[in-house]
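Treat the numbers as computed from the prediction; the structure is a model and nothing was measured. The chains referred to below are lettered A, B, ... by the order of the sequence lines, with proteins before strands, and numbering in each begins at 1. The basis for the numbers below is simple: all heavy atoms, side chains too, and nothing from hydrogens, waters or symmetry mates.
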Number of protein chains: 2
Amino acid sequence: MLSKKTKYGLKALTYLASQEENIPVQIAEIAQHENISQKFLESILLSLRKTGFLGSKKGKGGGYYLIKDPNEILMTDVMRILEGPISLVPCVSLNFYEKCDDCPDEASCSVNKLMLKIRDANLEVYRNNTLADLIL
Amino acid sequence: MLSKKTKYGLKALTYLASQEENIPVQIAEIAQHENISQKFLESILLSLRKTGFLGSKKGKGGGYYLIKDPNEILMTDVMRILEGPISLVPCVSLNFYEKCDDCPDEASCSVNKLMLKIRDANLEVYRNNTLADLIL
DNA sequence: AATTATCCCATCAACTTAATAGAGTAAACA
DNA sequence: TGTTTACTCTATTAAGTTGATGGGATAATT
């Protein structure tokens, strides 16, 4: 299941992408428009800012705004920040590789085999979709 | 992340598929061979039996065995039993469809749009892989 | 009857998620 | 300069899920 964090994050990014560029949008406005708990959205936007997707401005007229062009925001990057590894199993992860503690040999592991295919299928989608593609 | 239930279930199925047909294999043997908690595996195999993948036999010489040919066991079916819906969001699920409570309109939802593509990509993999494909 | 191994109940600790509260900081404006 | 505005940060918490375990019931061999 997709976490609400990711769901909310994607919705917020989409909302920002549909706004005029570089005009800060307040958390409250996004939260209201997208039916999101404002406090929860706060922390999500913060993490998107810290990872270089968003800029922010404090005080009156402040808010969050996209830093990059929506065409250049890849879903691979967004998903890794919001949802974590794209792989369902660490032993097939490109960015978060880890050996499975219970598995003696990856080469002969049936789960590894299947999850490798799933990883590639998902990467294919995320790599070929930018934030711009999510806007109607 | 893939649940351990699914991981263990897949490993157990693979192990059974590599055995002689119709010869029951004991839980203990599978658990030992695949490094799985025996008690946990018990409940997994039980659910695979109740859903028509496995047969079982009690008493001495008992155990679990595959009912169908590995070539005819689709990963779509296995995954739905072990892991649940293939879709990451209920609003794009074929078998477990549900409207999102927070989303007023699916047609204009960016999450829906992306997750539809992910669902199709995953279905493509699971539909084209049988248990037989997992065996080396 | 005794042994073997599945069946099925119920419990439990650990972890994660989603949400909330509240105090701190920086910018704008009068 | 002081007040308002809105992001920043930490901490807490309720609820749910996961993975594991224990114990007894049931059925099939020997």
Have a look at A:Phe53 and tell me which of A:Leu45, A:Ile81, A:Leu16 forms a side-chain contact (heavy atoms from CB on, under 4.5 Å) with it. A:Ile81
Length of the line joining A:Tyr65:OH and D:dA6:C1', which is rounded to integer Å: 14 Å
Whole angstrom value for the distance that separates P of C:dA19 from NZ of A:Lys7: 10 Å
Charged N-O contact under 4.0 Å between A:Asp102 and B:Lys4: no
Indicate whether OP1 or OP2 belonging to D:dT29 is found under 4.0 Å from a side-chain N or O atom of B:Lys57. yes
How close or far is atom C1' of C:dT4 from atom CD of B:Gln26, stated in whole angstroms? 8 Å
Going by number, which of residues 30-53 of chain A have a non-hydrogen atom under 4.0 Å from DNA chain C? A:Ser37, A:Lys39, A:Phe40
Using the rule side-chain contact (heavy atoms from CB on, under 4.5 Å), only one of B:Val78, B:Asp133, B:Leu134, B:Asn129 pairs with B:Ile73; which is it? B:Val78
Just the rounded figure in Å: distance from P of D:dT18 to CG of A:Leu88. 14 Å
Will you find, in the side chains of B:Tyr15 and B:Glu29, an N or O donor that is under 3.5 Å from an N or O acceptor? yes
Among D:dT5, D:dG19, C:dT4, which nucleotide has an atom closest to any side-chain atom of A:Lys60? D:dT5
Main chain of A:Cys103, side chain of A:Lys99: is a donor-acceptor contact present, judged purely on distance under 3.5 Å? yes
On DNA chain C, check which nucleotide each of B:Gly62 and A:Gly61 is closest to and give me the residue with the more 5' one. B:Gly62
C:dA19, OP1 or OP2 - any side-chain N/O from A:Tyr8 closer than 4.0 Å? yes
Given atom CE of B:Met1 and atom P of C:dT17, what is their separation to the nearest angstrom? 11 Å
For D:dT17, take OP1 and OP2 only and decide whether either is under 4.0 Å from a side-chain N or O of B:Ser3. no
Does B:Tyr65 have B:Lys57 sitting over its ring (NZ/CZ under 6.0 Å from centre, angle to axis within 45°)? no
Between B:Ile27 (CD1) and D:dT21 (P), how many Å, whole number? 14 Å
Nearest whole angstrom, please: distance from the P of D:dT30 to the NZ of B:Lys58. 17 Å
Do the side chains of A:Ile86 and A:Met115 join up, straight or via other hydrophobic residues, at under 4.5 Å, putting them in one cluster? no
